[in-house]
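Okay, structure first, notes after.
This one's a predicted model, so the numbers in the text were calculated from it and none came from an experiment. Side chains included, hydrogens not; waters and symmetry mates left out as well; all remaining heavy atoms used.
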Amino acid sequence: MKIDRMRVFMTRDKDRPRVIVALDTDDGLTGWGECYNHGPDKALPPLLDYLYAFIAGQDPTRIDYLVNLLIQQSRFPPGALGLAAISALDHCLWDLSAKAVNVPVYKLLGGAVRDRIKVYAGVYTAPDAPAARDEFDRLNAEWGFTAFKLSPWRIDMHAHRWGNVVKASADYFRSLRETVRDDYEIAFDAHAKIFEPVAARQLGNALAPYDPLFYEEPLRPENIEMWGELKQGLNCVLATGESLYNRNEFLRLLQVKGADLIQPDICVVGGISEMRRIATLAEAHFVGVAPHNPMGPLATAVNVHFSAAAQNFKILEYRLPKGQAYVYGGNDIEKRQGETRYVVDPYLPKDGYLELRPDRPGWGVDMDEKAMEEEGYIHWQRRVPKRPDGSYAFA
C-alpha cells in the first residue's frame, strides 16, 4: 500500500471555513484529516502541496517515520501553519493505517480505556441567567449535556474599571448558580484577553466561590512562566493549552505548574501522534487533558479516538454539527442556524457522551465529497478589538 494522491477541500462548517485533507492509496483506501485553519486558512493548501512531496509514494502505516520527516525537513520548528498542515496529514495516516487492518483507530492506540467520551457544549457567550438556564435545559433535554462553557465577560473590559468588570463576572456566576440546575457544570473561557497575571488571578478568584468546571486561558500563551505565577494563589481549576504547539511547550507549562488541566488541539499540535506524547507528559505531572475542539465533526471524530485511549482524558469540547452558528462574546444566545454536511454520520451526544463505534474502521465516519464541493469556501477572519485610546487589544 502506497500513498498516491492528496486532495484538499476548502469547505465550510456552518459559517466557518474548514480545510479538509484526503490521502488516497494505490489500493483504493482514503484517509481523512482536518487542519486548524482559523487564519490564514488560504495559506494551507500550498503548504500541504509542499509537504505532500515528502510522503508521496510512501507506506502510510509508517506514521511516526513520516510525521517525523515532515517536522524535521523544516529548518526551524514548525509553528501555527506548519503544524496545522502536518496535523491533518497525521490524521490521514492514522485513518489509513486503521482502515488497512479494518479496526477503529483507538485499537491501534492500545485500545479503549473508557466506553464513552464525556463532552461539554460550547455556548461561548454570557447570556442572562434565565436565558442561559433555558439554553442549558434545551441542550440537556435533547442531548443530555450537563456541562457547558460560557464567556465571563458581562461588560466591556476595556470601557470599565477593572474592579467593576470582575464584580460583574462574579455577580453573573452567582446568578447562574442560583438559576440553573445544581448538577450543571459551568466553565468560563476568557479567550486570552487579559494582559496582567494579577488581573487574571483576580477574575479567577472572583469566579472560584461558585465552583467553575475550569477557568480557561485568561492570559496570552507566549510567556509560559507567567502561567506558573498566575496559578499561585488561584483558587479554581486553571486550564490552558489551545495556543501551544508541541510537547516541548507543554513540558515547560507543566514544569512551572502552570495548569491544572491542559487543552491541546489535535488539529494544531501535529496530530494524534504529538497529542499522545503531550498527554503522557501531563499524566506524569498528574494533570488531565480536556482537548480544545471548536472545529468541525471530522476533528471531533479524531478527538474521540484520542480520548478513548488516553488515561488522563477529562472532557471534550463539542459543537453540534446542526443548529446554532458560531459566535463568541456578547450576552446573547446565537439564533442563526446552520448545518455541517461534509461528515455524513457525525458523532452525536447521547446522555452527554459520545459513544465509541467498535464496528467502524478508521475514524468511524463517512465523508461526503459532493457536500464539500457544493458548500464551498466561506471567508472568516478574527475581529481585533480596540481600546478606548485607539490601540488594539488582544483578540
Salt bridge flag under 4.0 Å for residues [X] and [Y]:
| X | Y | result |
| --- | --- | --- |
| Lys14 | Glu339 | no |
| Asp260 | Lys314 | no |
| Arg138 | Asp134 | no |
| Arg181 | Asp183 | yes |

Is the Trp32 to His91 ring centre distance short of 6.0 Å?
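Centroid distance Trp32-His91: not below 6.0 Å, so no.
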Step through it carefully: locate the ring centre of Tyr184, locate the ring centre of Phe148, and say whether they are under 6.0 Å apart.
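Ring-ring flag for Tyr184/Phe148: true, centres closer than 6.0 Å.
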Results of salt bridge (charged side-chain N to carboxylate O under 4.0 Å, His left out) for [X] - residues two or more places apart only:
| X | answer |
| --- | --- |
| Asp366 | Arg360 |
| Asp13 | Arg18 |
| Lys370 | Glu374 |
| Arg336 | Asp15, Glu334 |

Once you measure the plane-to-plane angle for Trp153 and Trp162, does it fall in the parallel (<30°), tilted (30-60°) or perpendicular (>60°) bin?
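Geometry flag for Trp162 against Trp153: tilted rings.
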Tell me, please, whether [Y] has [X] positioned over its six-membered ring: NZ or CZ under 6.0 Å from the ring centre and within 45 degrees of its axis?
| X | Y | value |
| --- | --- | --- |
| Lys149 | Tyr120 | no |
| Arg177 | Tyr210 | no |
| Arg357 | Tyr347 | yes |

Partner residues of Phe195 under the side chain to side chain contact (heavy atoms under 4.5 Å, CB included) criterion, sequence neighbours left out:
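Applying side chain to side chain contact (heavy atoms under 4.5 Å, CB included) to Phe195 gives Phe394.
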Which residues satisfy the side chain to side chain contact (heavy atoms under 4.5 Å, CB included) test with Tyr377, sequence neighbours excluded?
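Partners of Tyr377 under the side chain to side chain contact (heavy atoms under 4.5 Å, CB included) test: Met10, Pro17, Asp41, Lys42, His379.
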Check: Ser151/Asp189 side-chain N/O donor and acceptor closer than 3.5 Å
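Their side chains do not contain a donor-acceptor pair, so the 3.5 Å distance test is not met.
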Okay, side chain of Asn140, backbone of Phe145: is any donor-acceptor separation there less than 3.5 Å?
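A pair under 3.5 Å: yes.
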